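Some notes on the structure that comes next.
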There are 2 protein chains.
Amino acid sequence: MSIADYPFAPLGGTEDRAMAIREQLRDAIIDRRLAPGTKLGEAEVGALFEVSRTVVRSALQMLSFEGLVRSERNRGSFVANPSPEEARQVFDSRRLIEPALAAAAIERLRPADRARFRALLEQEERLMAERGASVRRAEIRASGDFHLELARLAGNTVLERFMHELVARSSLVIALYGRTGASSCGHADHGSILGALERRDLGLAQTLLIHHINHIEADLDLRPATGLGLREALSSG
Amino acid sequence: MSIADYPFAPLGGTEDRAMAIREQLRDAIIDRRLAPGTKLGEAEVGALFEVSRTVVRSALQMLSFEGLVRSERNRGSFVANPSPEEARQVFDSRRLIEPALAAAAIERLRPADRARFRALLEQEERLMAERGASVRRAEIRASGDFHLELARLAGNTVLERFMHELVARSSLVIALYGRTGASSCGHADHGSILGALERRDLGLAQTLLIHHINHIEADLDLRPATGLGLREALSSG
DNA sequence: GGTAGCAAGATTGCATACAAAGCGCGCCGC
DNA sequence: GCGGCGCGCTTTGTATGCAATCTTGCTACC
């Protein structure tokens with residue numbers, strides 16, 4: 001499976017082209033349209049987006065910083081293949097940061113924010129009602145958006161940026177190690193978390209958040225895997 | 001600690017040339033040899049390091065991701081000029097993350113780690129004994145190294161990378177808003193924090209850490225500042 | 001038959017060339 | 001004298017070319 005199998009719409013007049021390419025690649029990685037280990041050749045990506053390698057390099061560097069792409073000198077860039085250990089660290093980090101975000105957000109929740117949250121939940125419900133692989137992808141995405149909205153609301157831009165990275169890497173991990181309908185079960189959690197926030201019950205909201213994250217992680221099939229080199233060989237094929 | 005020890009972004013992969021320039025600029029910014037607001041022209045930096053603009057752009061992009069440099073499209077890159085609000089957010093983030101790092105580190109403290117910590121403290125003491133501007137810079141750096149060592153020990157590479165960014169931005173903030181000998185007073189704190197860690201007294205270590213961070217922040221001269229445009233105009237001159 | 005060496009192809013790293021967008025300065029009109 | 005406007009100079013954004021390095025498949029030798 002090659003990246004060329006996934007035709008990206010070459011957007012015309014984007015301001016920053018590297019940013020646009022980064023976004024598209026990022027979405028493709030999170031949605032697992034690009035499998036972990038897939039090589040992202042500069043020339044190939046550039047041809048797809050109709051830009052020069054210069055722009056592609058810039059986009060790949062950004063993704064490398066986000067941990068979604070792994071770059072090796074003189075060898076190229078590949079879609080990241082996070083190890084179970086990395087996955088655990090990502091969720092550990094989320095368990096640390098998100099309760100703090102809830103604490104900050106609960107103080108700043110405005111009606112407009114509630115409306116935005118509700119819209120996100122409705123979107124999730126719509127997706128849950130449907131079936132299919134692409135729907136499941138969108139579901140993972142929507143689930144992440146809920147947490148990003150929480151981060152945005154907390155008002156700490158530093159932590160918000162960290163959360164963007166953590167959510168993206170979580171999505172990749174879920175796509176990699178997730179079992180069947182696991183990500184769906186988290187949806188109900190979002191509703192109750194939001195409910196607790198609206199009732200200003202911080203303790204409950206934090207408890208629910210932690211459980212929610214535990215839920216997601218528990219549903220992963222982490223590490224009955226075999227030796228590393230073998231595993232990597234298999235997954236990159 | 002050498003450059004190779006930094007778990008920074010792409011560990012094995014990224015271009016050495018750009019990485020080296022990034023490190024040098026980073027150090028210069030943290031040490032305030034480059035004042036906030038200073039323009040970092042691509043051609044100028046390239047001439048200094050005897051590389052082409054391509055490499056410089058790569059380094060600047062990395063620094064921009066770290067929050068040490070602010071880039072504006074078609075205008076150029078400038079040393080970041082963090083607002084008091086940003087400074088607060090950085091310290092808020094540290095108050096959140098560092099106690100968790102202590103909790104993880106206390107379980108993994110080995111004799112070799114103790115030795116490394118002790119060496120850092122001795123380094124700080126040596127610097128404290130001296131006088132001069134360059135010494136004070138080195139002091140800020142050494143102070144940061146203590147916290148980075150804590151992060152390294154915790155064994156979570158995600159959080160470790162976050163801490164690298166937070167420490168760097170803290171150093172910039174301290175250089176910007178710090179009062180006289182403020183950063184020095186923190187040194188004694190490091191010793192007692194390490195002591196608590198060695199005695200496996202997590203609660204004490206976390207309390208001391210929080211107080212330490214509070215100390216640093218309290219010693220900043222945050223936000224008696226005037227209107228933004230004026231302030232920026234003054235600081236960039 | 002297997003392995004080491006080698007050469008050709010491909011891909012990245014870096015430099016340079018060109019195009020486009022700001023910015024400043026001087027000119028002109030009011 | 002002052003404000004608006006246009007031109008050119010500087011700086012960034014992008015594309016392309018060349019050299020270095022890695023990969024890979026072949027060949028020759030053990």
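Letters A, B, ... are given to chains in the order of the sequence lines, protein chains preceding strands, and every chain is numbered from 1. Quick caveat, the model's predicted, so the values are computed rather than measured.
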Check the distance between C/dG13's C1' and A/L60's CG and give it to me in whole angstrom. 14 Å

Are any of the side-chain heavy atoms of A/S93 and B/N156 separated by less than 4.5 Å? yes

Just how far, in rounded Å, is P of D/dA15 from CD of A/E50? 11 Å

How long is the line joining CD1 of B/I21 and P of C/dG13, in whole Å? 15 Å

Any carboxylate oxygen within less than 4.0 angstrom of a Lys/Arg side-chain nitrogen, looking at A/R95 and A/E217? yes

Is any side-chain heavy atom of B/V56 closer than 4.5 Å to one of B/F49? no

Here the distance between atom P of C/dG13 and atom CG of B/D16, to the nearest Å, is 11 Å

Just N and O in the side chain of A/R57: are any of them under 4.0 Å from OP1 or OP2 of C/dG13? yes

For the pair made of CD in B/Q61 and C1' in C/dC14, what is the distance, rounded to whole Å? 16 Å

Is A/K39 close enough to C/dA10 that one of its side-chain N or O atoms is under 4.0 Å from OP1 or OP2 there? no

Which whole-number value in Å describes the distance from A/E72 CD to D/dT21 P? 17 Å

Side chain proximity check, B/M163 to B/R152, heavy atoms < 4.5 angstrom: no

What pairs with A/A87 under side chain to side chain contact (heavy atoms under 4.5 Å, CB included), at least two apart in sequence or on another chain? A/V173, A/L222

A/H190 and A/F146 aromatic ring geometry - parallel, tilted or perpendicular at 30°/60° bounds: parallel

Starting at atom CE of B/M19, determine the distance to atom C1' of C/dC14, rounded to an integer number of angstrom. 17 Å

Expected string for nucleotides 16-22 of chain C under the B/S/- scheme (protein heavy atoms, under 4.0 Å, primed atoms plus P, OP1, OP2 as sugar-phosphate) is BB---SS

